[in-house]
Amino acid sequence: MKVVGICGSPRDKGNTEYLVQYTLDRLKEKGVETELIKLREKKVAFCVACYKCVKEKKCVVNDDLEEIFQKIEAADGLLLGSPVYHSAATPLLKALLDRLGFSGRWRVNKMVDTSVAYKFTGTPFSGKIAAPITVARRAGTTSAFSELLLWMAANDFIIVGNSYWNMSLAGKGGVTNASEDTEGLSNLDHLAENMAGLLNKLKKQ
Ligand SMILES: Cc1cc2nc3c(=O)[nH]c(=O)nc-3n(C[C@H](O)[C@H](O)[C@H](O)COP(=O)(O)O)c2cc1C
């Protein structure tokens, strides 16, 4: 069982990275293999809407997208972490999600004529589990969280719940103090419990 955590912050060792790594560490303690992907270290351009993935069955833009796609495809679970930028996820993460979601759909589905209704058979992510984590100084955690949830919901992930939202509040001026948000971290403890529990249940099926 493997969970990939994606840190959508352009900052090294910032709050998002801390929170995603913290959750991965709790999963590791429960016997889950983990991997952190720092998007700041990858090249993932935004979707140019060329639609070539419809025929080619993969995105034709030559950067690190395919490598990340294959890591997610090989994993059982996904954590998406983002700092809040103007009430939304970062452009870094949005670029990744647009291309994963769009090219992913056409990897396993055919585009049909305009007169025909779609009957999608799934996505490359069908049945994988996922959860978002967001962090802000003050506001926008829920809207960024919703943005990530909506992507997961339309890409056939099984979304893992929690007894509170997986989010944290950081200090002023870009301070990196997510480790001090003990309530936020205890929510991530429970998220890891839920993720590991669900992975075990799915494995037994
Ligand atoms: C461009 C930009 C936009 C931001 N927008 C918001 C915002 O809308 N609401 C908020 O509370 N904090 C906002 N922040 C603060 C970050 O969300 C906060 O510092 C967060 O902890 C950064 O995460 P990181 O340490 O992982 O980079 C913004 C920061 C930047 C650089």
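Note that ligands are numbered from 1 as they come in the structure, with each ligand's atoms numbered from 1 the same way.
With a 6.0 Å radius and a threshold of 12 heavy atoms from other residues, nucleotides or ligands, K30 has its NZ atom above the threshold. Around the NZ atom of K58, the shell of radius 6.0 Å holds no more than 12 heavy atoms that belong to other residues, nucleotides or ligands.
Between W106 and F102, the ring planes lie perpendicular to each other; the angle is over 60°, past the 30° to 60° tilted range.
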Ligand 1: which protein N/O atoms lie under 3.5 Å from its N/O atoms?
| from | atom 1 | to | atom 2 | distance (Å) |
| --- | --- | --- | --- | --- |
| ligand 1 | 5 (N) | V84 | O | 3.2 |
| ligand 1 | 5 (N) | H86 | N | 2.9 |
| ligand 1 | 8 (O) | H86 | N | 3.1 |
| ligand 1 | 8 (O) | S87 | N | 3.1 |
| ligand 1 | 9 (N) | A139 | O | 2.7 |
| ligand 1 | 11 (O) | R137 | N | 3.1 |
| ligand 1 | 11 (O) | R138 | N | 2.5 |
| ligand 1 | 11 (O) | A139 | N | 2.7 |
| ligand 1 | 11 (O) | A139 | O | 3.1 |
| ligand 1 | 12 (N) | R137 | N | 3.3 |
| ligand 1 | 14 (N) | V84 | O | 3.3 |
| ligand 1 | 17 (O) | V84 | O | 2.8 |
| ligand 1 | 21 (O) | N15 | ND2 | 2.8 |
| ligand 1 | 25 (O) | R11 | NE | 3.4 |
| ligand 1 | 25 (O) | R11 | NH2 | 2.7 |
| ligand 1 | 25 (O) | N15 | N | 2.8 |
| ligand 1 | 25 (O) | N15 | ND2 | 3.3 |
| ligand 1 | 26 (O) | S9 | OG | 3.3 |
| ligand 1 | 26 (O) | N15 | N | 3.3 |
| ligand 1 | 26 (O) | T16 | N | 2.8 |
| ligand 1 | 26 (O) | T16 | OG1 | 2.6 |
| ligand 1 | 27 (O) | S9 | OG | 2.8 |
| ligand 1 | 27 (O) | R11 | NE | 3.0 |

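Note that the CG atom of D181 and the CG atom of L185 stand 6.0 Å from one another [nearest 0.5 Å].
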Item to check | side chain to side chain contact (heavy atoms under 4.5 Å, CB included) assessment of L65 paired with S103 | outcome: CA-CA 10 Å; L65 179 85; S103 64; 4.2 Å; yes
Checklist entry - Checking salt bridge (Lys or Arg N to Asp or Glu O under 4.0 Å) for the pair R40/E17: CA distance, chi angles, key distance, verdict? => result CA-CA 11 Å; R40 64 181 289 279; E17 187 179 322; over 6 Å; no
